[in-house]
Amino acid sequence: MKKEEVEQIVFSSLRQIAPDTETMELSPSDHFRDTLGLDSFDFLQLMVLLDEKLKINIPEKDYGEITTLGFLVDYLAKKVGDE
């Protein structure tokens, strides 16, 4: 899976969790939780949704490292085998 495909899955997942957000305006360096106003429950829902859509496991210990949109996309791309 290409990085661009992972990014589109992240955007569609974010729209499911926070439907009123403008995800396409996010830049890779944006701290998406702050920018989109996601609380910890929203973030957890996002991680579970990404787990399901990408058929991967995002360990809870990694949640604290996932802060920017760019990091999340890179992290997921590596998990699904695209580097």
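Worth saying up front: this structure is predicted, and the values here are computed from it rather than measured.
- From Asp74, atom CG reaches atom NZ of Lys3 across 3.5 Å, with rounding to the nearest 0.5 Å.
- Under the rule for a side-chain contact (heavy atoms from CB on, under 4.5 Å), the partners of Asp39 that lie at least two apart in sequence or sit in another chain are Phe41, Asp42.
- Not counting sequence neighbours, the partners of Ser13 by the side-chain contact (heavy atoms from CB on, under 4.5 Å) test are Ile9, Leu46, Leu49, Leu50, Lys53.
- Under the 4.5 Å side-chain criterion, counting only non-hydrogen atoms from C-beta, Leu69 is in contact with Phe11.
- For the residue pair Val6 and Val73, the shortest heavy atom distance occurs at CG1-O, 3.9 Å.
- Between Lys79 and Pro59, the shortest heavy-atom distance links the atoms NZ-CD, 3.9 Å.
- Residues passing the side-chain contact (heavy atoms from CB on, under 4.5 Å) test with Ser27, sequence neighbours excluded: Ser29, Asp30.
- Nearest heavy-atom pair, Val10 versus Leu72, reported as atom, atom and distance to 0.1 Å: CG1-CD2, 3.7 Å.
- Rounded to the nearest 0.5 angstrom, Phe43 CZ and Ile17 CD1 are separated by 11.0 Å.
- Across every non-hydrogen atom of Phe32 and Leu26, the tightest pair is CB-CD1, 4.3 Å.
- The structure places NE2 of His31 at 5.0 Å from OG1 of Thr67, a figure rounded to the nearest 0.5 Å.
- With hydrogens and angles ignored, the 3.5 Å screen pairs a side-chain donor or acceptor of Glu5 with a backbone N or O of Lys2.
- Leu76 is not listed as a side-chain neighbour of Glu7, based on a closest heavy-atom distance of 4.5 Å or more.
- The CZ atom of Phe71 sits 6.5 Å away from the CD1 atom of Ile66 when rounded to the nearest 0.5 Å.
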